[in-house]
Amino acid sequence: MKWFRQMFAVTDMNMRSIQERVGSSLVVIIGIAGSVAVMVSLLAMAGGLRSTVESTGDEDRAIVLRSGSNSELSSSISREEANVIENAAGLKRKDGSPMVSFELYTVVDVKKKGAEDTSNLPFRAVQPMSFHIRPELKIIEGRNFEEGKSEIIVGRGAANQFEGLEIGKSIKFRSAEWTVVVIFSSGGDVHESEVMADLLIAQSAFNRGATSTNAIVRLNDEESFEQFAIYLENEPRLEVKVERESDYYKEQGAGVSALINVFGYLVASIMAVGSVFAALNSMYSAVSTRLVEIGTLRALGFQGSSILGAVMIESMFLALLGGLLGGGLAYIIFNGYTVSTLAGGTFSQTSFDFAVTIDIIQQGLFLALTVGFLGGFFPAWKAARQDITSALRSL
């Protein structure tokens, strides 16, 4: 108990003197806040992208691609192959028809709002069955496209990021004019970054004949996936591979979000090194200006370890303030902020919101406290081992 009383007494004295060293204390707080804010914002970006991608797809839906393709963009399915896929085992049926939608996925060049150059906008041509397979697609404003007409429906994310995608406007993709007739939502998944149109019209406009790039299917249940995949992948008339839709999108977003994570940790670590030196300098300065106080306390019987603990508490307290400031700023500025980035092997823009979560804030605070510990330990060690006679001579 005596050791704790000593440590708290010294801590109280140190905290009261912070206002006399507000300049050096602010250097520590702001330096750590910058490191934490950068790391939290970048991890929030990666987390938002990962959440958007991983929320796409159901376990009882599967996607069929050409064998060897790593994305819809590089896949191709012929009309003859489509006929075989429609009769596969394990497919759920609606009104007697198999729940299969053959789709044409490509990218078109459209200007992002406020940008000079064009970016890749995902364009997905679908069949009517697609809306039964994906019931999460909900119309926010307007009406669905009519079959046989050059009309497009636009995801909410795409409408927010790209020019000319307001309802009623016409926009040219390749050689065709398309009219925007609806803004839709799909629960915040990647489809909100896409525009969709009628498959037959798109095949003609993009000179694709009767081919599609992929098929999306709804299965009888989750357990039907193995039956469906084995049937197609062993069918001699086909050269396809089958993936659960949820697994496919996780793979598409994994590389980009991992890269952003690595970049976030790297930049934050580099900035944290600077913060450690700032903390070292500040705490060494604080110890140097209080040599007489430390010597007096030691002469009165205060243990060196209680002084070490008190200096460490001060350093960790400043670091915690910096961590809370950095995390708070990142949350206020970036949480829910919408951006878009290239995703996976599709080379197209995916819109998503930054997600500053409790877990990310905790990682930021851990970084701050680590900096505080490293920046405070050596000055605290010096204070604890300070020779009493040498300290009192500085009077």
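- For the pair Met196 and Phe184, the minimum side-chain heavy-atom distance is below 4.5 Å.
- Between Ser212 and Tyr105, the closest side-chain pair of non-hydrogen atoms is not below 4.5 Å.
- Here the side chains of Ile183 and Ile167 are in contact, with some heavy-atom distance below 4.5 Å.
- Both Val84 and Phe228 are part of a single hydrophobic cluster, where members link through side-chain heavy atoms under 4.5 Å apart.
- Closest approach of Ser76 to Glu81, counting heavy atoms only: O-OE1, 4.2 Å.
- Taking the ring centroids of Phe123 and Phe173, they lie under the 6.0 Å cut-off.
- Clustering ILVMFWY residues whenever any of their side-chain heavy atoms sit less than 4.5 angstrom apart, transitively, puts Val190 in a cluster other than the one holding Phe131.
- There is no side-chain donor-acceptor pair under 3.5 Å between Glu177 and Ser170.
- Using a 4.5 Å heavy-atom threshold, the side chains of Leu320 and Leu324 count as touching.
- A side chain to side chain contact (heavy atoms under 4.5 Å, CB included) with Ile77 is found for exactly one of Thr211, Thr213, Ile85, Leu104, namely Ile85.
- No chain of hydrophobic side-chain contacts below 4.5 Å, direct or via other Ile, Leu, Val, Met, Phe, Trp or Tyr residues, connects Phe102 to Ile153.
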Query raised in the report: After noting the C-alpha distance and the side-chain angles of Leu325 and Ile29, does the key distance pass the side chain to side chain contact (heavy atoms under 4.5 Å, CB included) rule?
Result: CA-CA 8 Å; Leu325 176 62; Ile29 293 172; 4.2 Å; yes
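- Across every non-hydrogen atom of Arg66 and Ser75, the tightest pair is N-OG, 2.8 Å.
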**Report entry** Check against salt bridge (charged side-chain N to carboxylate O under 4.0 Å, His left out), Glu163 and Lys111
**Finding:** CA-CA 6 Å; Glu163 291 183 355; Lys111 280 187 178 181; 5.5 Å; no
Requested in this report: Show your reasoning for whether salt bridge (charged side-chain N to carboxylate O under 4.0 Å, His left out) applies to Arg134 and Glu192.
Outcome: CA-CA 12 Å; Arg134 297 189 179 100; Glu192 287 192 4; over 6 Å; no
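- By the 4.5 Å heavy-atom criterion applied to side chains, Leu200 and Glu147 are not counted as neighbours.
- The existence of a salt bridge linking Glu151 and Lys169 is excluded, since no basic side-chain nitrogen approaches an acidic carboxylate oxygen closer than 4.0 Å.
- Connection of Leu137 to Met99 is not established within any shared hydrophobic cluster, with ILVMFWY side chains joined at heavy-atom distances below 4.5 Å, either directly or through further cluster members.
- In plain terms, the two heavy atoms of Asp198 and Gly148 that are nearest each other are OD2-N, 3.4 Å.
- More than 12 heavy atoms of other residues, nucleotides or ligands lie within 6.0 Å of CG in Asn234, so this atom counts as buried by the packing criterion.
- Every pair passing salt bridge (Lys or Arg N to Asp or Glu O under 4.0 Å) that includes a residue from residues 227-236 is listed here, sequence neighbours excluded: Glu235-Arg237.
- Closest approach of Glu136 and Asp189 over heavy atoms only: OE2-OD2, 4.0 Å.
- A heavy-atom distance below 4.5 Å is not found between the side chains of Asp60 and Arg244.
- Looking at every heavy atom in both residues, Ala368 comes nearest to Val36 through CB-CG2, 3.9 Å.
- Under the 4.5 Å side-chain contact rule for hydrophobic residues, Phe145 and Phe162 do not share a cluster.
- Two residues are said to be in side-chain contact when any heavy atoms from C-beta on lie closer than 4.5 Å; Gln362 and Ile360 fail this criterion.
- Although no hydrogens or angles enter the test, the distance criterion places no donor-acceptor pair under 3.5 Å between the side chain of Ser150 and the main chain of Trp178.
- For the residue pair Asn160 and Arg156, no side-chain donor N or O sits within less than 3.5 Å of a side-chain acceptor on the partner.
- Across Arg218 and Arg61, no two heavy atoms sit closer than the pair NH2-NH1, 3.2 Å.
- Using a 4.5 Å heavy-atom threshold, the side chains of Ile171 and Val110 count as touching.
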